[in-house]
Amino acid sequence: MELLRLLFPCFVIILTLSQSCQIPDDFVAASSPGHIVIGGLFAVHNKMVHSEEYPRRPEIQTCEGFEISVFLQTLAMIHSIEIINNSSLLSGVKLGYEIYDTCTEVTIAIAVTLRFLSKFNCSQDIVKFQCNYSNYTPTVKAVIGASYSEITMAVSRMLNLQLIPQVSYASTAEILSDKIRFPSSFRTVPSDFYQTKAMAHLIQKSGWNWIGIITTDDDYGRLALGTFGMQASANNLCIAFREILPSFLSDKIIEVRINQTLEKIIEEKHVNVIVVFLRQFHVFNLFNKAIEKNINKVWIASDAWSAAVKISTIPNVKSIGKVVGFAFKGGNISSFHDFLQNLHLLPNEKNKLLSEYIMLLSSCSHVKDSDLYYCIANYSQGNWDYRMVESNFSLRNDFLLDNAESGQVYSIQLAISALAYAIRDQCKDRNCQNPAAFQPWELLEALKNVIFTDGESEFQFDSQGDLNTGYDVLLWKEVNGHMSIINIAEYDLEKDVFIFKDSGTEKEFKNLKQIQSKCSRECLPGQVKKATQSHHTCCYECVGCPENHYSNQTDMDHCLLCNNKTHWAPVNSTMCFEKQVEYLNWNDWFAILLLTLSALGIVCTLTVGIIFTRNLNTPVVKSSGGLIICYVILLCHFFNFVSTSFFVGEPQDFKCKTRQTLFGMSFALCISCILTKSLKILLAFSFDPTLQKCLKRLYKPVPIIMICTSIQMIICTMWLIFAEPFVEENFSMPQVIILECDEGSLVAFGSMLGYIAILAFVCFISAFKGRKLPANYNEAKFITFGMLIYFIAWIIFIPVYATTFGKYLPAVEIIVILISNYGILCCTFFPKCYIILCKQETNTKSAFLKTLYKYSSQSASSLNMSHISLDSRSSEVPFPNHNFCCKSPVTLEQGKASQSQMTEPVQSARRRTAKITAGTLPRKSI
């Protein structure tokens with residue numbers, strides 16, 4: 001190991017070339033001497049010619065396929081260096097250059113890099129292998145290029161050994177921003193991170209989500225595919241297929257892969273947008289094949305070929321569809337155009353590329369301008385000598401002007417300017433006419449912080465060595481029968497927005513949206529996407545949003561939920577609708593009908609009161625329990641009818657508390673008064689002395705009414721104190737909010753109704769026992785009917801009320817109140833009013849006594865006969881006295897004696913009944 005460490009600095013790598021270039025200088029494509037030399041790497045030829053399938057000797061192969069656009073890039077570098085040399089920026093210091101053709105091959109680029117790393121002014125072009133290159137002076141101070149990311153990465157790894165600055169004008173692979181792996185790498189264009197982000201944004205903004213992508217099988221293609229895949233996922237885009245082509249035209253399977261790719265495009269009928277990260281010669285071959293197969297798509301072009309005149313001038317290229325691309329932001333290159341106009345003045349002895357171009361141009365002089373590009377690109381030079389070309393041969397400068405890609409040229413100008421300004425900073429206190437005045441790593445440090453200009457704007461590399469100038473959005477459009485490449489917008493990297501040139505270019509962009517490229521049809525608002533068996537999220541079915549859900553945009557992933565309390569939505573809805581607040585309104589037809597019936601009841605109540613007032617002294621009125629009782633009952637009916645109005649209109653706390661208590665108190669008072677009348681009738685017509693005695697002690701009308709009503713008052717008071725009714729919003733209905741009164745406590749509500757039911761039941765039993773009165777005065781029978789109507793109404797009310805909901809729930813209780821009130825009112829007062837108004841002859845004291853006497857005689861006879869058995873076989877005879885029964889045998893004579901004895905109580909009962917029913921007993925006994 002120690003021996004190796006001693007010998008390690010002494011290892012020498014000698015650059016040897018194949019037989020195609022006898023000395024290293026033969027390998028230089030263009031050069032010019034200077035105090036500071038800048039290297040250049042350009043892929044002027046697009047492929048190498050291999051004499052054998054696998055090379056047997058390490059020799060440089062012959063290149064072919066002359067690329068006019070890349071040749072113009074070499075001229076742009078030469079022009080930019082000449083501008084710096086002719087300016088005062090580097091006073092007394094001249095920049096030189098050595099430009100090499102990489103032939104689009106990494107191997108050749110590495111060989112060239114060995115020349116860059118070789119020691120300066122060494123006749124043997126050796127690269128010394130040292131532990132420390134701080135004082136090592138290589139042939140060049142910096143390198144411009146290359147254009148392809150794969151070549152740039154390979155070269156950069158070698159240049160990192162001596163930290164020689166490398167400024168690329170077209171390599172966009174995102175990995176080059178990693179300063180740990182590529183510390184000496186710079187570029188005057190944005191990374192593919194921004195380009196793929198812009199592409200995904202453009203595709204998403206155009207309404208496309210089902211796309212294909214074609215890349216090359218190299219570092220650039222794989223990195224672009226990965227970066228675009230992430231951007232596509234972030235924008236909800238799906239990649240239907242990924243096709244990868246060989247990196248080099250010299251690969252023999254490239255034609256096969258192009259055909260397979262086109263077959264895939266044809267197979268995927270729903271894919272109408274294809275993103276293409278390829279080199280120009282790939283796209284050239286791809287489009288020629290696509291034209292043959294009549295494929296029409298939207299092609300999203302990367303910066304590598306979006307502005308390629310070589311491709312846009314393919315015959316019938318319009319048949320492939322639309323081409324939308326991203327190109328590096330251009331600048332003022334008018335001075336370069338002037339340079340091309342005077343190209344014939346440029347000496348070509350040290351510019352083999354210019355000499356080759358002149359030769360190719362001479363060989364293709366017979367073709368017209370439209371075919372000149374293809375003639376030059378496909379011409380096989382064979383053996384030729386550029387010195388044999390006629391001196392007066394025209395360079396057809398207009399042809400060069402048409403093929404100059406402004407974005408690429410401008411990027412090269414910026415790269416040279418950045419190096420020139422960094423060199424200026426190094427030369428402020430040094431004699432830079434001496435090549436060893438500073439080392440490349442010192443220039444690298446200056447380049448990191450340099451601020452340079454293109455004459456109009458200032459620029460500076462960011463921390464990742466990138467110059468994020470933005471992109472121009474290009475559209476290929478046919479104008480006057482020729483395909484033109486127009487700039488329709490700019491892409492702002494920081495704001496991630498497209499800035500259109502004018503309304504016309506924006507309209508051109510909008511026309512692209514008419515093209516559909518989706519796996520599934522667009523789900524309209526009101527629908528959402530439902531995943532299918534496909535693993536792609538862009539392939540789905542459209543289903544409508546369920547009730548109370550909505551979607552207000554196209555292609556939504558899920559429905560949004562409405563606020564169930566305040567809003568609703570029907571099926572397939574695009575928005576939520578505010579629920580309408582409903583209650584039993586005054587102008588509702590049903591409420592009007594019920595209120596009309598209530599008003600009619602009030603009129604009937606008042607009418608009865610008037611009739612009774614005008615007939616105070618008639619037996620019918622007197623037998624009704626007295627005027628005060630009648631008035632109290634009628635007043636209760638009045639309040640019952642009035643209470644129904646509190647069930648109509650917008651619920652309020654006052655209404656909710658008043659309506660039930662008003663009804664409960666008034667109805668309890670009404671039933672209490674009717675109960676006293678039932679007890680009075682039972683007292684009057686009961687012939688049981690014991691029952692009469694008991695009823696006499698219990699029959700206290702005023703205390704009975706007060707006690708019965710007070711109990712209801714206590715129930716209502718406790719209800720209002722501990723669980724008072726309140727206004728509630730009922731959200732159970734799907735489309736409306738029901739404003740209703742919550743009873744507060746169903747127990748209290750049930751207790752109030754239950755207590756009234758108990759009073760009504762007692763009243764019913766009492767009235768039922770006295771139902772066999774004279775026909776004209778049988779009030780007990782009608783009270784019985786009234787109580788039956790009450791029971792039937794409220795028994796039906798309970799299940800109906802429990803199962804009814806909505807704004808008509810209060811109407812159910814109104815109906816029951818009306819039925820109960822009308823039933824009792826009609827049964828209690830209408831028969832008496834009928835007698836007063838229609839049968840006045842029976843409403844006299846004499847008629848009353850006559851009817852009563854007849855009823856009493858029939859009752860006494862029936863009573864006596866019921867206690868005498870005419871069957872001699874009877875062993876026992878009942879007596880009218882219901883408290884006892886004689887169980888010893890009784891003879892017929894004894895029975896007659898008993899009859900005469902029992903006649904006196906019956907006669908006394910008759911007289912008392914007449915007085916009670918006629919209203920002639922003292923008031924205190926009532």
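What you are looking at is a predicted structure, and each value in this text was computed from that prediction instead of being measured. The analysis underlying the following values was restricted to heavy atoms, covering all of them including side chains, and did not include hydrogens, waters or symmetry mates.
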> Would K655 and V727 count as a side-chain contact (heavy atoms from CB on, under 4.5 Å) if you check the C-alpha gap in whole Å, the side-chain angles of each, and the deciding distance to 0.1 Å?
Replying inline: CA-CA 9 Å; K655 284 186 176 182; V727 179; over 6 Å; no
>> With a 3.5 Å distance limit and no angle check, can you tell me whether T676 reaches the backbone of C673 through a side-chain donor-acceptor pair?
In response: yes
>> Is it the case that the ring center of W719 lies less than 6.0 angstrom away from the ring center of Y755?
In response: no
>> SG to SG below 2.5 angstrom is the rule I want applied to C576 and C562. Does it hold?
In response: yes
> After noting the C-alpha distance and the side-chain angles of L597 and F641, does the key distance pass the side-chain contact (heavy atoms from CB on, under 4.5 Å) rule?
Replying inline: CA-CA 9 Å; L597 293 175; F641 284 121; over 6 Å; no
>> Test of understanding: with side chain to side chain donor-acceptor pair (under 3.5 Å), list the residues that count as partners of E740, not counting sequence neighbours.
In response: N730
> Hey, what do you get for SG (C630) to CD1 (I611), rounding to the nearest 0.5 Å?
Replying inline: 12.5 Å
>> Quick one, F829 and T605 - any side-chain contact, counting heavy atoms below 4.5 Å?
In response: no
> Would you say N821's side chain and I817's backbone share a donor-acceptor pair under 3.5 angstrom?
Replying inline: no
> How far apart are the closest heavy atoms of Y583 and E650, and which atoms are they?
Replying inline: CE1-N, 3.3 Å
> Testing K530, E522, Q527 for side chain to side chain contact (heavy atoms under 4.5 Å, CB included) with C542, which one passes?
Replying inline: Q527
> Nearest 0.5 Å, what's the CG-CZ distance between L720 and F722?
Replying inline: 11.0 Å
> What's the shortest heavy-atom distance between S551 and V528, and which atoms?
Replying inline: CB-CG1, 4.2 Å
> Does Y822 reach the main-chain N or O of G601 with its side chain, forming a donor-acceptor pair under 3.5 Å?
Replying inline: yes
> Between the side chain of S666 and the main-chain N/O of F663, is any donor-acceptor distance below 3.5 Å?
Replying inline: yes
> Under 3.5 Å, is there a donor-acceptor pair between the side chain of K565 and the main chain of E729?
Replying inline: no
>> As a quick check of understanding, evaluate disulfide bond (SG atoms under 2.5 Å apart) for C559 and C545, giving each step before the final call.
In response: CA-CA 6 Å; C559 296; C545 289; 2.1 Å; yes
> Between E743 and P725, what is the shortest heavy-atom contact and its length?
Replying inline: O-CG, 3.7 Å
> Short question: side chain of T661, backbone of T658 - any donor-acceptor pair under 3.5 Å?
Replying inline: yes
> Do F797 and Y790 pass the ring pair (Phe, Tyr, Trp, His ring centres under 6.0 Å) test, and can you show the C-alpha distance, the side-chain angles, and the key distance before you say yes or no?
Replying inline: CA-CA 10 Å; F797 165 78; Y790 167 83; over 10 Å; no
>> On a heavy-atom basis, which atom in K807 and which in I738 lie closest, and how many Å separate them?
In response: N-CD1, 3.8 Å
>> Check this for me: L593, atom CG, are more than 12 non-hydrogen atoms of other residues, nucleotides or ligands nearer than 6.0 Å?
In response: yes
>> Please report the interatomic distance CD1(I789) to SG(C827), rounded to the nearest 0.5 Å.
In response: 4.0 Å
>> With rounding to the nearest 0.5 angstrom, report the CG to CD distance, L594 to E813.
In response: 12.0 Å
> Could you go step by step and tell me if I704 and S672 meet the side-chain contact (heavy atoms from CB on, under 4.5 Å) rule?
Replying inline: CA-CA 7 Å; I704 289 174; S672 300; 5.7 Å; no
>> Would you compute the distance between atom CD1 of I765 and atom CE of M787 and round it to the nearest 0.5 angstrom?
In response: 12.0 Å
>> On a heavy-atom basis, which atom in C826 and which in P831 lie closest, and how many Å separate them?
In response: O-CD, 2.9 Å
> Of all heavy-atom pairs between F667 and S820, which one has the smallest distance, and what is that distance?
Replying inline: CZ-CB, 3.6 Å
>> So, taking the atom named SG in C716 and the one named CE in M752, what distance separates them when rounded to the nearest 0.5 Å?
In response: 6.0 Å
> Got a sec, which residues hit salt bridge (charged side-chain N to carboxylate O under 4.0 Å, His left out) with D557, two or more places apart in sequence or on another chain?
Replying inline: K529
> So F761 and F791, would you call those rings parallel, tilted or perpendicular, with 30° and 60° as cut-offs?
Replying inline: perpendicular
> Any donor and acceptor pair, going by atom type alone, linking the side chain of H637 with main-chain N or O of L635 inside 3.5 Å?
Replying inline: no
> When you look at L662 and Q660, which way does the side-chain contact (heavy atoms from CB on, under 4.5 Å) test go after all the steps?
Replying inline: CA-CA 5 Å; L662 179 60; Q660 298 292 3; over 6 Å; no
